[in-house]
Asks: 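I'd like to ask some things about the structure below.
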There are 2 protein chains.
Amino acid sequence: MALTPLTRQFVSHFGEMGSRWGINRTVGQLYALIFVSDRPLNADELAEMLEFSRSNVSMGLKELQAWRLVRLKHIPADRREYFEAPEDVWQIFKTLAEERRRREIEPTLSMLRGALLEAPASATDKHAQKRMREMHDLIEMTTNWFDDVQRLDPETLVQFMRMGAKVQKLLELKDRMKLVGGKSGGSNRS
Amino acid sequence: MALTPLTRQFVSHFGEMGSRWGINRTVGQLYALIFVSDRPLNADELAEMLEFSRSNVSMGLKELQAWRLVRLKHIPADRREYFEAPEDVWQIFKTLAEERRRREIEPTLSMLRGALLEAPASATDKHAQKRMREMHDLIEMTTNWFDDVQRLDPETLVQFMRMGAKVQKLLELKDRMKLVGGKSGGSNRS
DNA sequence: CTGAATTTTCAGAAATTACTGAAAATTGAT
DNA sequence: ATCAATTTTCAGTAATTTCTGAAAATTCAG
């Protein structure tokens, strides 16, 4: 079963882009193919369609599962394992964000918190800590906020995103009415 | 001039993380050091402090400039070029987002748009296009929205982010008052 | 202009990462 | 329990990426 030109185009783009993310070409192509497929695919099919070795496909699928980007689906009366991507693209996006957070953001925050606890040994260290605190606070604010947004139900979220820059007007409205939150900007986290 | 333990820790974390992003270890470490430094640094200083070859530093700085993450600063009566990172961490974040958008998002959107113009040759292609359209629409909505948010003045933005999930209440308020936007959810882009 | 200081380029070496085939392990139908 | 089907592992190899030193190019003070 050969790839159609349409799918080939999509798959090879993901292969190239894959290297810009942390994932490699094989993994990118595997995901792309599973994503557009109209039915779950097994490892042999993937290996044949993409012309990768069977073992390479096995390793790639393992990585995609670690990222929670594909899931196993068993087909009755077939012993082989089939793979599919979740239907809901917004769910996929959230999974990607969660995994990146776990792998990249959290270790960085934790390093920064450690560094900020140390006693600065010099003026240079003091300045370095100031910069690290700025970075820490920005990352923490941004990720906490993303967490909150992620929890909105999809409809509210779409409505919210479509509003775009009008949010500014909404905030002005809020301030005028003092209906949401307590004193000076509302209570918040940590 | 040796690195203090504090800075060494920060710098080597960025070296390791660098490889998870598209940038390599050298570039990550160079950036980290420039970011925390309390004064602009020149290429020789960077090479000595990080124990990289001078040519490696030259290439790394070129890449950081291409990302607009460092800028040149000339010091009076010194012919050498000094490098510094912008002060404002939010500005840095925006630059990073813009560059990633230009390098990763835009090419992907453009590939997707191309693929969506083609006439599907089969039911399989039809399904593939459906998936591609879902991906395209999600990416487009998310990046356009980020563009809008990016344009908010920093104070509004911080206020907005600190609100977090309370945005839902704000949207309910908006709906009750019908003060923002026209019919059914407000007009929007493309 | 000249030439020393500085930066950039680039071919090859070193290091890292990706990929393969063969063998081992696992699975599940009988 | 057996064994064929299937998946995983892993050592070795291939491919890619990163890094270096030497040479070329550029810059600018005099």
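Residue numbering restarts at 1 for every chain, and letters A, B, ... go by the order of the sequence lines.
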Asks: Could you give the CZ-to-P distance, from Arg20(B) to dT16(C), as a whole number of Å?
Replies: 16 Å
Asks: Report yes or no: is the cationic atom of Arg151(A) (NZ for Lys, CZ for Arg) closer than 6.0 Å to the six-membered ring centre of Trp145(A), at no more than 45° off its axis?
Replies: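 No - Arg151(A) does not lie over the ring of Trp145(A) by the 6.0 Å and 45° rule.
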Asks: Could you check Asn24(A) against His74(A) and say which one's nearest nucleotide on DNA chain C is further toward the 5' end?
Replies: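 The answer here is Asn24(A).
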Asks: Considering only side-chain heavy atoms of Ser55(B), which listed nucleotide, dC10(C), dT6(C), dC19(C), is closest?
Replies: dC10(C)
Asks: In terms of the nearest nucleotide of DNA chain C, which residue is placed more toward the 5' end: Val27(A) or Arg80(B)?
Replies: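 Upstream on the strand: Arg80(B).
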Asks: With a 3.5 Å cut-off and sequence neighbours excluded, list the donor-acceptor pairs that the side chains of residues 57-67 of chain B form with protein atoms.
Replies:
none

Asks: Quick one: does Ser37(A)'s side chain have a donor or acceptor within less than 3.5 Å of a partner on Pro40(A)'s backbone?
Replies: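 Judged by distance alone, no pair lies under 3.5 Å.
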Asks: Name the nucleic acid region contacted by Thr26(B), choosing base, sugar-phosphate or nothing; use a 4.0 angstrom heavy-atom cut-off, strictly under.
Replies: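 Sugar-phosphate contact only.
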Asks: Determine, step by step, whether Glu16(B) and Arg25(B) satisfy the salt bridge (Lys or Arg N to Asp or Glu O under 4.0 Å) criterion, reporting the C-alpha distance in whole Å, the side-chain angles of both residues, the deciding distance to 0.1 Å, and the verdict.
Replies: CA-CA 6 Å; Glu16(B) 283 153 38; Arg25(B) 204 175 54 92; over 6 Å; no
Asks: Charged N to carboxylate O below 4.0 Å: is that the case for Asp38(B) and Arg131(A)?
Replies: no
Asks: Distance check needed: dT26(C) C1' versus Arg54(A) CZ, whole Å only.
Replies: 13 Å
Asks: Of all nucleotides in DNA chain D with an atom under 4.0 Å from a non-hydrogen atom of chain A, which is the first and which the last going 5' to 3'?
Replies: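 First and last nucleotides in contact are dA4(D) to dT9(D).
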Asks: Please work out whether the ring planes of Tyr31(A) and Phe35(A) are parallel, tilted or perpendicular, with thresholds of 30° and 60°.
Replies: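 It falls in the tilted class, 30° to 60°.
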Asks: Is the shortest side-chain N/O distance from Arg25(A) to OP1 or OP2 of dC19(C) below 4.0 Å?
Replies: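 So the side-chain polar atoms of Arg25(A) do come within 4.0 Å of the phosphate oxygens OP1 or OP2 of dC19(C), strictly under.
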Asks: Taking atom C1' of dC10(C) as reference, at what distance in whole Å does atom NZ of Lys62(B) sit?
Replies: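 In whole Å, dC10(C) C1' and Lys62(B) NZ are 11 Å from each other.
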Asks: Answer with base, sugar-phosphate or nothing: what part of the nucleic acid does Asn56(A) contact at a heavy-atom distance below 4.0 Å?
Replies: base
Asks: Nearest heavy atom decides the nucleotide; on that basis, is Arg79(A) or Met59(A) closer to the 5' end of DNA chain D?
Replies: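 Upstream on the strand: Arg79(A).
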Asks: Over how many whole Å does the gap from Leu61(A) atom CG to dA18(C) atom P extend?
Replies: 16 Å
Asks: Thinking salt bridges, do Glu99(B) and Arg103(B) make one under a 4.0 Å N-O criterion?
Replies: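 Yes, Glu99(B) and Arg103(B) are salt-bridged.
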Asks: Rounding to an integer number of Å, can you tell me how far Glu16(B) CD sits from dT16(C) P?
Replies: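 Those two atoms, CD and P, are 12 Å apart.
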Asks: Nearest whole angstrom, please: distance from the P of dT6(C) to the CG of Asp44(B).
Replies: 7 Å
